[in-house]
Amino acid sequence: MKAMCRNLVLLFKVGIVLLAFSGCGKNEDNPVETSIVKPTANVAENISKTSFTASWNRVYMAQAYQLDVSTSKLFETFLSGFQNLAVSASFQDVTGLIPNTTYYYRARTTSNGKTSENSNSIEVKTLPDLTNVTLKGSAKDLYVGTCVQASKLTGSYNSILVNEFSSLTAEYEMKMNIFMPTQTSFDQKSYNFGPGDAIVNYASNNGMNVHGHALIWHNSTPLWIQNFAGSNTEFESVIKTYITDVVKHYKGKVKSWDVVNEAFEDGSESLRNSIFYQKLGADYIAKCFQWVKDADPEVLIFYNDYNLEADLKKRSAAFSMIDNLISRRVPVNGIGQQLHISYDGPSKAQIETVSQMITSRNLLVHYSELDIRANPRNELTSLTQERALAQKAKYKEVVQVFNALPKANKYAITLWGMKDNESWLIDFWKQADWPLLFDSSFQKKEAYNGFIEGLMN
Ligand code: G3I
């Protein structure tokens, strides 16, 4: 008898347990939902100016999906026709969109009249409409410049210059070896200001800024200065007079100057052993900066150099020099990062680091000679689409880094040339390359689009 009772109790307990798992023990107050697997949304594909393809992973046994598209990250509003849009496939083209605009989408699974939870949300930005944009028109709070030559200011050069650029730098015609090629009595008319004046007048006539480049540079020093036989005191008088005359000649027309260019040895913390160092001493940089400011108190004055991003010794020496000028209240307004770089380096972080070292000193940042080699290892004989897109991405990255700087520290981004085939890099490296925004036929390249996208994002 006892055994039978024990069995009955056991059967009763097992029944309770089975009821609970089967859901028959349903408590009307707490319905047990049969969950439907939600999809995982993927990054958008086929992104264009006015469309993209939303996509998500297929869900096993799903009968269909629902798609939401919104311009609101929280889906507070929905794109017309894209709220709970029934979709049978695991992707959906979304069209009729606005260029350069951010959209969000998410999906749900539907099955037997039930709907899953929302998928993750994906952000996608349509491409900018580049048909009517220009470099300078897309730039906020910065000049977009290029280097020029006095003999190339007409025809297609002129069309692109006036439409695209807001600042000019003389590629070589405002350097000492052009301004003062021979011994001079320092009477104004003995200077060769012709080509520089042509560039400055062209810029003035077209409402463009002019960045002066470069008052003191070991690579553009006329022979009579390099071989100066007079005393150090006489040399100082020659250089001070030169700087004063040039800066005063362009006062009010040239708004900024690279006062000293490339003063430090590569891979070293040493000043180059230039004639300026030899005859004016280690403090020649401070003297030159002061002379410029004395000649034109309004002009912005820069130190300019290359490879500050990867040459840590040069970088350390340059910023120590700048900090010394600042500590002594020697006037300095900005630093030029030349940025003669490649599609694969230096990294975004390396570029950012130098720019932030400049802004942390409350100085202006000038990406002063930007070109991006597409063929640094000479493995290409023509610019492939793949490499063109990689170069585009690097231009976009560089511009985005600059654009993210504080407004007060943005001076300009200056390209070192207009057309690929006229880049100094071709002669310098004696090999094919395509480093600039326009091709040899003055046509915009992918690189141009990358620059614009960088300005817009
Ligand atoms: O246009 C004349 C031509 O008419 C003449 O027949 C020929 C021979 O004398 O010279 C031509 O001018 C040359 C000019 O480039 C244009 O090609 C100059 O001699 C030559 O000195 C000049 O070289 C320039 C170089 O600086 C030196 O001033 C490059 O164009 C220029 O891209 C380069 O730029 C430097 C920056 O100033 C500083 N950072 C590095 C950068 C590259 O070296």
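In listed order, ligands and their atoms are each counted from 1. What you see is a predicted model; the values in this text were computed from it and never measured. Start at 1 with the first residue, then count along the sequence.
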(Q) For Leu363, give me all partners under side-chain contact (heavy atoms from CB on, under 4.5 Å), at least two apart in sequence or on another chain. (A)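 Leu363 satisfies side-chain contact (heavy atoms from CB on, under 4.5 Å) with Ile322, Ile326, Val332, Ile335, Ile358, Arg361 only.
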
Q.
So, using side-chain contact (heavy atoms from CB on, under 4.5 Å) as the criterion, who are the partners of Lys419 when residues are at least two apart?
A.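 Listed in chain order: Tyr157, Asn421, Glu422, Phe442.
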
(Q) side-chain hydrogen bond (donor to acceptor under 3.5 Å, both in side chains), that's the test. Do Tyr306 and Asp266 meet it? Break it down for me. (A) CA-CA 9 Å; Tyr306 64 89; Asp266 292 332; 2.6 Å; yes

Q.
Tell me if the centroids of the rings in Phe82 and Tyr105 come within less than 6.0 Å of each other.
A.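 Centroid separation for Phe82 and Tyr105: 6.0 Å or greater.
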
Q: Using modelled atom types only, decide if a donor and an acceptor are shared between the side chain of Asp433 and the backbone of Asn375 within a distance under 3.5 Å.
A: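 Yes: the side chain of Asp433 pairs with the backbone of Asn375.
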
Q.
With salt bridge (Lys or Arg N to Asp or Glu O under 4.0 Å) as the rule and sequence neighbours excluded, what pairs involving residues 285-294 come up?
A.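 Listed once each, the pairs are Glu236-Lys287.
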
Contact table ligand 1 N or O to protein N or O, d under 3.5 Å:
| residue | atom | partner | partner atom | Å |
| --- | --- | --- | --- | --- |
| ligand 1 | 1 (O) | Tyr172 | OH | 3.1 |
| ligand 1 | 26 (O) | Lys175 | NZ | 2.9 |
| ligand 1 | 28 (O) | Lys175 | NZ | 2.7 |
| ligand 1 | 30 (O) | Glu171 | OE2 | 3.2 |
| ligand 1 | 32 (O) | Glu171 | OE2 | 2.6 |
| ligand 1 | 32 (O) | Trp416 | NE1 | 2.9 |
| ligand 1 | 34 (O) | Trp416 | NE1 | 3.2 |
| ligand 1 | 37 (O) | Lys175 | NZ | 2.6 |
| ligand 1 | 37 (O) | His213 | NE2 | 2.6 |
| ligand 1 | 39 (N) | Glu262 | OE2 | 2.9 |
| ligand 1 | 39 (N) | Gln338 | OE1 | 3.2 |
| ligand 1 | 39 (N) | Gln338 | NE2 | 3.4 |
| ligand 1 | 39 (N) | Glu369 | OE1 | 2.7 |
| ligand 1 | 39 (N) | Glu369 | OE2 | 3.3 |

